[in-house]
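Remarks on the structure that follows.
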Amino acid sequence: MFSLTLNRRQLYDLELLGNGALNPLSGYMGRDDYERVLQDARLVDNTLWPIPVVLDISEEAAEQIAVGDLLGLRDGEGVNIACLRVNDIWQPDRMQEAHAIYGTTSRKHPSVRTLLDKVQKIYVGGIIEFFQQPSHYDFLHLRQRADKIRGEFESANERQVVGFQTWNICHRLERDLIINIAKKNSAKVLLLPVVDQNEARSREFFSRVQSCEAILRHLPQGIAKLYLLPVMMRMAGPRETLWKSIIHRNYGCSHFVVGPNDCSPLNEDTSQEFYGKYESQEFLEKYVDEIGIQMVAVEEQSYSVKKKMYISNLKALEKAEKISNYAEKDLRNDLALGNRIPDWFSFPEVIQGLSKIYPSNSQIGFTLFFTGLSGSGKSTLAKTIEAILLARGERSVTLLDGDIVRHNLSSELGFSRAHRDLNIQRIGFVANEITKNRGIAICAPIAPYRAVRREVRSLIQGNGRFIEVYLSTPISVCEKRDRKGLYAKARAGEIKQFTGVSDPYEVPENAEIVIDTSKFSVTKACDEIIDYLLQNGFLALT
């Protein structure tokens, strides 16, 4: 029997299939169900189902199996969890899937980017036979099968159960919402924080769960139960809201809480909103009778300074209430700067836990990542900043200049996109090791592609801070500075895949610092960078 080792996303789907959370599915979808879901948000038998649940495999693996075969499914430790009786094998149109499920084919949507760049090309479907559930090593008291939780509610004759799902840290707002929702609906609350854990967010995962446990201690006794929901967020907006409602119904919920931006991604480009505010609520309202779960629609809320409580933004506008828009991003900023957190925002034990995983900028390492065209001034600025930081003597400083890294770390690599990405990944790995040991890494590659820069940012931000410095110097200026004559050779066709001439440079979307060195002297440019580090608490004010 041929077998596969599943990644984290696939293991989450497998666990949900095995614990009753994805009823009526008994395995991965075949092609007919998949295509009907894309077209109509329904299975072939007309059951409402908005999100594909499929197993993606490589083309090499697909060559090893055929319809009718048994396919073993293993976890990362090689333990055989289940086997799949293959009923269907096909190559999907992933652009069509992106448009149908996410409403866009833009790679600015993080899940579209994952679908197009990381999900493997072949899908297989079929019935699953389980040998055991995936193993866990944390919060075992909070991990329970969906069908067992539903059975407990039914045995206790608790027919009014509100599902409250979150993938954020819980604060006083969430506590107040839970109490108000429970009272208004005369219901118990099932709190299901999402176990959407990846390498960059693993520490936050523990704090998120611990914040939910803290919330329980601040609730009336017996009003809520807490378990973990092992699901990889799709961030598919309205379709995912409907899908999560079905999942919560399978956990025994009669109601499901839906916020104003439910299941929407955090936009990297703030000029683009993938889903409208309250769009998920409007979409779900059409189907509540069919799926047998009622929606508890929550409006956007802010803290009323006068009433010392959270109120809806609409009510605040009507009554001209003075409100505070202090939110999670402000909390992270204050933690980074070592500022006091408002007492009304959260609980002391939650803030204490967060301060451990998000220490102030003065206590952690960081990476200064210079990026820009050849000749934009990266090496000059990086070397000058290195000298300034070494003179200050506050932390260890390591310079990873593009040419130096190419010679010492990536000498065997060429200049294809794959090799360029691998070079940046190696730089990111070294910078991450420096950063997590509270050092300063200064990187100065061209790094022309956004995707790999995002990847390195995600890696480093799990252990420290990533500060992108984009040198926006025009290419005409870069060419004039070219002492090696590289641009001339590239324009003559002597150098292939040269960034800015025969290969693209993808401009950073949200660089922390942007400098055009044709307008700034080296001294002035360095002053801008050092001022940023001082203002944000990375360096001590002297």
Derivation and outcome, side chain to side chain contact (heavy atoms under 4.5 Å, CB included), residues Glu174 and Asn168: CA-CA 10 Å; Glu174 286 73 21; Asn168 293 315; 5.6 Å; no
Worked verdict on Ile385 versus Val469 for side chain to side chain contact (heavy atoms under 4.5 Å, CB included): CA-CA 12 Å; Ile385 288 292; Val469 184; over 6 Å; no
Test log, rule side chain to side chain contact (heavy atoms under 4.5 Å, CB included), inputs Leu331 and Ile351: CA-CA 9 Å; Leu331 168 66; Ile351 298 303; 3.8 Å; yes
Side chain to side chain donor-acceptor pair (under 3.5 Å) evaluation trace for Thr523 with Ser521: CA-CA 5 Å; Thr523 300; Ser521 66; 4.7 Å; no
Side chain to side chain contact (heavy atoms under 4.5 Å, CB included) between Phe370 and Ile442, worked out: CA-CA 8 Å; Phe370 289 84; Ile442 302 175; 3.7 Å; yes
Derivation and outcome, salt bridge (Lys or Arg N to Asp or Glu O under 4.0 Å), residues Arg9 and Asp56: CA-CA 11 Å; Arg9 172 181 54 82; Asp56 59 299; 3.1 Å; yes
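Judged by distance alone, the side chains of Arg481 and Thr380 never bring a donor and an acceptor atom under 3.5 Å apart. Using a 3.5 Å distance cut-off with no hydrogens or angles, the side chains of Asp516 and Ser518 do pair a donor with an acceptor. There is no side-chain donor-acceptor pair under 3.5 Å between Gln497 and His419.
Aromatic pair Tyr102/Phe274: centroids not less than 6.0 angstrom apart.
If you take CD on Gln461 and OG1 on Thr435, they are separated by 10.5 Å, rounding to the nearest 0.5 Å. Taking CE of Met232 as the start and CG of Asp13 as the end, the distance is 8.5 Å to the nearest 0.5 Å. Atom CZ of residue Arg392 and atom CG of residue Leu539 lie 4.5 Å apart, to the nearest 0.5 angstrom. The distance from the CG atom of Leu368 to the CD atom of Glu468 is 11.0 Å, given to the nearest 0.5 Å. In this structure, the separation between CD1 on Ile515 and CG on Leu381 is 6.0 Å, given to the nearest 0.5 Å. Atom CG of residue Leu399 and atom NZ of residue Lys383 lie 7.5 Å apart, to the nearest 0.5 angstrom.
Taking each heavy atom of His109 and Met235 in turn, the nearest pair found is NE2-O, 3.0 Å. Nearest approach of Leu400 to Ile427, heavy atoms of both residues: CD1-O, 4.0 Å. The two residues Phe283 and Pro238 come nearest to each other via the heavy atoms CD2-O, 3.4 Å. Closest heavy-atom contact between Ser312 and Glu299: CB-OE1, 3.0 Å. Considering every non-hydrogen atom in both Leu471 and Gly377, the closest pair reads CD1-C, 3.4 Å. Listed here is the closest heavy atom pair of Gln10 and Thr5: OE1-O, 4.4 Å.
Among Asn437, Asn463, Thr367, the one residue that satisfies the side chain to side chain donor-acceptor pair (under 3.5 Å) test with Asn432 is Asn463.
At distances below 3.5 Å, not a single donor-acceptor pair connects side-chain atoms of Ser458 with backbone N or O atoms of Glu455. Although no hydrogens or angles enter the test, the distance criterion places no donor-acceptor pair under 3.5 Å between the side chain of Asp334 and the main chain of Ile341. Put simply, the side chain of Ser111 gets close to the backbone of Arg234: a donor and an acceptor are under 3.5 Å apart. Between the side chain of Asp330 and the backbone N or O of Ala327, at least one donor-acceptor pair lies under 3.5 Å. When atom types are taken as modelled, the side chain of Lys519 and the backbone of Thr473 share no donor-acceptor pair closer than 3.5 angstrom. With hydrogens and angles ignored, the 3.5 Å screen pairs no side-chain donor or acceptor of Tyr487 with any backbone N or O of Gly500. A donor-acceptor contact shorter than 3.5 Å links the side chain of Asp75 to the backbone of Glu77. Between the Asn313 side chain and the Ser302 main chain, a donor and an acceptor come within less than 3.5 Å of each other. In this structure a side-chain-to-backbone donor-acceptor pair under 3.5 Å is present from Gln281 to Gly259. Side-chain atoms of Arg208 do not come within 3.5 Å of backbone N or O of Ile169 as any donor-acceptor pair.
The shortest distance between side-chain heavy atoms of Trp243 and Val231 falls below 4.5 Å. Contact of the Ile215 side chain with the Phe347 side chain is registered, since non-hydrogen atoms from C-beta on lie closer than 4.5 Å. Thr114 is not listed as a side-chain neighbour of Pro110, based on a closest heavy-atom distance of 4.5 Å or more. A 4.5 Å side-chain heavy-atom check between Ser374 and Ile446 finds at least one atom pair inside the cut-off. Leu389 places none of its side-chain heavy atoms less than 4.5 Å from the side chain of Glu394. Between Val195 and His136 the shortest side-chain heavy-atom distance does not fall below 4.5 Å. The shortest side-chain heavy-atom distance between Val350 and Cys170 does not fall under the 4.5 Å cut-off. In this structure the side chain of Val257 never reaches within 4.5 angstrom of the side chain of Leu177, judged on heavy atoms.
In summary, Lys244 and Asp262 do not engage in a salt bridge, as defined by a charged side-chain N under 4.0 Å from a carboxylate O. A salt bridge is absent between Arg107 and Glu506; no separation between the charged side-chain nitrogens and carboxylate oxygens falls under 4.0 Å. Using a cut-off of 4.0 Å between Lys/Arg side-chain N and Asp/Glu carboxylate O, Arg450 and Asp117 are scored as not salt-bridged. A salt bridge links Glu479 to Arg491: one of the charged nitrogens lies within less than 4.0 Å of a carboxylate oxygen. With salt bridges taken as basic N to acidic carboxylate O contacts below 4.0 Å, one links Glu512 and Arg457. Under 4.0 Å is where a charged nitrogen must lie from a carboxylate oxygen, and between Glu213 and Arg217 no such pair does.
For the pair Arg417 and Tyr449, the cation-pi test (distance below 6.0 Å, angle within 45°) is passed. For the pair Arg454 and Phe369, the cation-pi test (distance below 6.0 Å, angle within 45°) is failed.
The aromatic rings of Tyr326 and Trp344 lie perpendicular to each other, with more than 60° between the two planes, well past the 30° mark. Ring orientation note: the planes of Phe205 and Phe139 are nearly perpendicular, at an angle over 60° on the 30°/60° scale.
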